[in-house]
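These notes are about the structure you will find just below.
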Amino acid sequence: MLDTASGLKRTHNCGELNKKHLGKQVVLMGWVNVRRDHGGLIFLDLRDRTGITQVVFNPQISRGSHQKAEEIRNEYVIAIRGKVAERPPGTVNQNLSTGQIEVLAEELRILNQAKDLPFEISDKLELGEELRLRYRYLDLRRPEMREKLILRHRTAKTVRDFLDKEGFLEIETPFLTKSTPEGARDYLIPSRVNPGKFYALPQSPQLFKQLLMVAGMEKYFQIVKCFRDEDLRADRQPEHTQIDMEMSFVEPEDIFNLVENLIVHLFKSVLDVALKIPFPHLSYEESLKTYGTDKPDTRFGLGIVDISDLAGKTNFKIFTSALQKGGKVQGINAKGGGKLSKKDIKDLEDLVISQGAKGVAWFKVAEGSIESPFKKFFKGEELKELVSRMEAKDEDLLLFIADKDDVVTEVLGELRLELGRKLGLAEKGRYQFLWIVGFPLLQLDDEGRWDAAHHPFCMPYEEDIPSLEKEPGRVRAKTYDLVLNGKELGTGSIRIHFRELQEKIFKILGIGEQEMNSKFGFFLQALEYGAPPHGGIAIGLDRLVAGMGGWESIREVIAFPKTQKAICPLTESPSPVNSKQLKELHITIDKTAAPW
RNA sequence: GGGGCGGUAAUUCAGUUGGUUAGAAUGCCGGACUGUCGAUCCGGAUGUCGCGGGUUCGAGUCCCGUCCGCCCCGCCA
């Protein structure tokens with residue numbers, strides 16, 4: 001039979017007791033982290049959210065409690081009353097904040113029992129992730145996981161306080177809303193009272209925050225869930241949280257300033273890390289050219305160098321034939337890569353091939369000479385020039401790809417990241433923020449039609465607007481991405497705030513009059529009633545917190561995340577519903593797709 | 001939709017060219033123990049080898065299919 005806690009009031013937390021409390025009567029409540037039964041004496045580590053305190057059961061102090069303590073197992077929930085005592089000499093535990101004291105139990109109450117656990121509550125084990133998710137409530141008891149949620153809480157709290165001081169209003173927007181075209185697949189919610197009609201969960205509160213600007217709120221923010229029905233990755237979940245912001249009467253510089261100050265304040269107060277501002281700016285074009293991606297990890301160099309002109313003068317067929325087909329030849333100097341083994345280089349080759357290139361030409365530089373299976377295809381002069389062009393020194397490894405333009409760029413981008421990992425260049429604990437600016441407004445899709453590079457509400461640079469008709473691809477947008485250590489943290493833009501331009505963009509995107517009115521009529525109309533110039537940004541909270549802690553997967557900082565199949569192993573959602581529910585929603589199931 | 005890696009005790013893993021009764025560590029259960037803190041010592045129990053089929057005298061091991069997990073491409077922020 002279990003005990004009740006009634007009559008006992010918790011006086012302290014398990015993490016706070018120290019020598020100042022010596023001699024005090026205290027009541028602690030928590031979980032049994034571990035029991036060490038010495039027969040005559042029983043020690044147990046009592047754990048709550050704040051830490052651990054050692055409790056001692058001594059029959060000379062309380063025979064009853066000592067006897068009862070023998071029944072205790074790990075993760076039982078107990079209350080103890082007792083006196084704080086100094087530990088005997090030589091038994092102090094330096095690893096515990098409470099390690100100088102212990103509580104001599106006078107009364108023990110067992111508030112709840114626990115079955116044998118599927119795994120120990122410990123940071124020392126490496127556990128399968130599915131198991132952790134199925135028993136997430138146990139996984140989250142592990143101190144490491146608790147700290148992650150605390151970090152997330154402190155981050156959100158700091159952001160809220162900062163933006164409040166800056167005059168922002170946190171305003172909620174609907175979850176049951178209309179499909180807005182961010183480009184991703186919507187999660188749909190059937191309407192019971194409107195047969196055959198659906199709400200969509202928001203991919204972001206984009207239109208609502210713009211409407212709030214029209215409404216004169218001037219500075220809006222929200223820490224809000226966004227939903228996208230796309231395939232999952234380590235940094236992608238079907239629901240993710242954004243720090244969503246929008247301001248009136250601003251230009252990109254105002255957003256940069258605000259976000260930089262926010263991030264600096266956040267890192268200082270939560271991590272005690274000092275960041276330098278302003279964050280560097282890099283143009284979209286320059287980023288692709290140098291790093292082969294629009295979200296470069298700039299913790300290390302290894303920039304991409306074009307040697308097409310030089311390659312064209314050689315007799316190396318792999319180079320010259322790629323050039324003849326209109327491609328290019330580019331390479332990376334993997335500084336210190338000379339120490340990589342044949343096996344390492346083979347792995348790099350495999351990577352390059354899996355990413356779509358045909359292979360990689362490599363050259364090791366050592367003592368001024370060059371080691372490479374391709375050496376014989378080059379004249380001494382050419383090799384010399386190669387080395388000087390790549391600024392190669394002893395112990396360096398030069399890697400070249402020859403192919404179509406976009407293949408070379410993308411593959412070298414991947415190769416660069418892999419080299420960063422292999423050579424240990426991407427240090428943990430370093431935070432390289434930067435802004436990517438000057439994105440194109442529009443991009444051609446596979447069918448040769450113009451598509452919004454970000455979303456259809458981004459403002460073009462004024463000087464580029466005349467090109468909209470003739471050369472849409474050359475129009476740059478007032479769009480900016482915030483990147484941290486090679487991860488895209490956030491995207492924002494200055495928005496279009498007058499109807500005429502917004503309609504023009506919709507038309508270029510191939511959205512007809514009818515569709516424009518049915519999907520965006522309400523929005524276009526709002527722009528006609530004195531919409532102020534405005535812009536904003538949304539920062540991914542999950543990625544931000546994961547980045548702060550140096551964790552690869554955002555699942556580490558989400559209390560109840562989903563697996564790659566978008567399944568929650570704990571609740572087993574999604575799951576079938578009964579026919580009555582379906583009938584009310586006017587929905588029938590295609591049995592060939594869902595044969596349960 | 002595609003590529004890669006994985007699935008063996010409660011957990012983390014080992015398991016040789018296919019060969020007798022599938023192991024280790026941790027955890028768990030019982031016992032001993034008054035200064036432990038990853039307690040120690042003695043003893044013990046625990047398997048749908050993911051699932052289905054095939055090859056074989058014989059399959060954890062080989063083949064085919066399938067499900068699940070992770071990483072990636074496509075897709076997407």
Side-chain angles (χ1 to χ4, degrees), chain A residues 33-46 52-61 66 70 73-75 85 87-96 98-99 102 104 114-135 138 182-186 202-204 206 226-242 244 294-295 347 350-351 353-356 410-411 414 417-418 445-446 453-455 481-483 487-492 537-544 552-555 562-565 567 569:
Chain A
N33 205 51
V34 68
R35 182 185 66 134
R36 291 177 293 276
D37 187 344
H38 285 232
L41 278 182
I42 297 172
F43 299 92
L44 61 83
D45 291 346
L46 190 62
I52 283 175
T53 295
Q54 173 164 281
V55 179
V56 186
F57 293 90
N58 187 331
Q60 287 165 358
I61 290 171
H66 178 264
E70 282 175 1
R73 294 294 179 270
N74 286 351
E75 298 307 307
R87 291 199 187 191
T91 64
V92 167
N93 186 340
Q94 306 288 356
N95 300 321
L96 286 182
T98 59
E102 59 196 8
L104 308 177
K115 297 210 304 186
D116 278 354
L117 273 62
F119 52 84
E120 283 174 80
I121 307 303
S122 162
D123 291 342
K124 285 169 188 155
L125 302 174
E126 295 240 343
L127 298 166
E129 194 168 357
E130 198 195 0
L131 185 77
R132 290 172 54 198
L133 293 185
R134 187 152 27 136
Y135 295 96
L138 298 179
E182 300 286 308
R185 208 174 284 116
D186 283 320
Q203 294 179 29
S204 81
Q206 184 61 34
C226 300
F227 305 88
R228 293 178 171 128
D229 187 4
E230 297 292 349
D231 286 352
L232 288 78
R233 291 285 190 283
D235 61 353
R236 273 159 48 182
Q237 283 274 304
E239 45 184 313
H240 77 283
T241 305
Q242 288 192 342
D244 194 42
D294 62 358
K295 42 177 198 288
D347 288 347
D350 289 346
L351 172 85
I353 287 164
S354 79
Q355 297 290 322
E410 282 168 31
V411 171
E414 285 299 323
L417 287 179
E418 181 58 25
D445 69 11
D446 296 338
H454 176 35
H455 60 53
D481 275 9
L482 180 65
V483 173
K487 302 262 155 64
E488 182 192 307
L489 274 197
T491 300
I537 190 167
I539 294 172
L541 180 69
D542 313 287
R543 288 184 183 177
L544 174 63
E552 282 302 315
S553 167
I554 62 172
R555 294 187 299 275
K562 294 187 174 53
T563 67
Q564 199 165 52
K565 273 263 153 66
I567 284 163

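Given the structure is predicted, the values throughout are model-derived calculations rather than measurements.
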After noting the C-alpha distance and the side-chain angles of A:Arg236 and A:Asp231, does the key distance pass the salt bridge (charged side-chain N to carboxylate O under 4.0 Å, His left out) rule? CA-CA 8 Å; A:Arg236 273 159 48 182; A:Asp231 286 352; over 6 Å; no
Would you give a per-nucleotide map of nucleotides 34-45 of chain B, 5' to 3', where B means the base has a protein non-hydrogen atom under 4.0 Å away, S means only the sugar-phosphate does, and - means neither? BBBBSB------
Letter per nucleotide, 5' to 3', of nucleotides 65-75 of chain B [B base touched, S only sugar-phosphate touched, - untouched; heavy atoms, 4.0 Å]: ---SSBBSBBB
Pick base, sugar-phosphate or nothing for [X], based on heavy-atom distances below 4.0 Å to the nucleic acid.
| X | value |
| --- | --- |
| A:Gln237 | base |
| A:Gly128 | sugar-phosphate |
| A:Leu131 | sugar-phosphate |

Over how many whole Å does the gap from [X] atom [atom1] to [N] atom [atom2] extend?
| X | N | atom1 | atom2 | result |
| --- | --- | --- | --- | --- |
| A:Asp347 | B:rG4 | CG | P | 16 Å |
| A:Glu70 | B:rG30 | CD | P | 11 Å |
| A:Ile353 | B:rG3 | CD1 | C1' | 14 Å |
| A:Glu488 | B:rC76 | CD | P | 13 Å |
| A:His454 | B:rA77 | NE2 | C1' | 9 Å |

Could you give the distance separating [M] and [N] at their [atom1] atoms, to the nearest angstrom?
| N | M | atom1 | value |
| --- | --- | --- | --- |
| B:rU17 | B:rU11 | C1' | 32 Å |
| B:rG30 | B:rG18 | C1' | 40 Å |
| B:rU66 | B:rG6 | C1' | 16 Å |
| B:rC29 | B:rG65 | C1' | 42 Å |

As a quick check of understanding, evaluate side chain to side chain contact (heavy atoms under 4.5 Å, CB included) for A:Glu230 and A:Gln203, giving each step before the final call. CA-CA 11 Å; A:Glu230 297 292 349; A:Gln203 294 179 29; over 6 Å; no
Could you list the residues that satisfy side chain to side chain donor-acceptor pair (under 3.5 Å) with [X], not counting sequence neighbours?
| X | answer |
| --- | --- |
| A:Arg132 | A:Asp139, A:Glu556 |
| A:Lys295 | none |
| A:Asp123 | none |
| A:His66 | none |

Salt bridge or not for A:Arg73 and A:Asp116, using N-O below 4.0 Å? no
Would A:Glu129 and A:Arg555 pass as an ion pair if we require N to O under 4.0 Å?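 Between A:Arg555 and A:Glu129 there is a salt bridge, with a charged N closer than 4.0 Å to a carboxylate O.
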Measure the OG1-CZ distance between A:Thr563 and A:Arg134 for me, rounded to the nearest 0.5 Å.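 Separation between the atoms: 12.0 Å.
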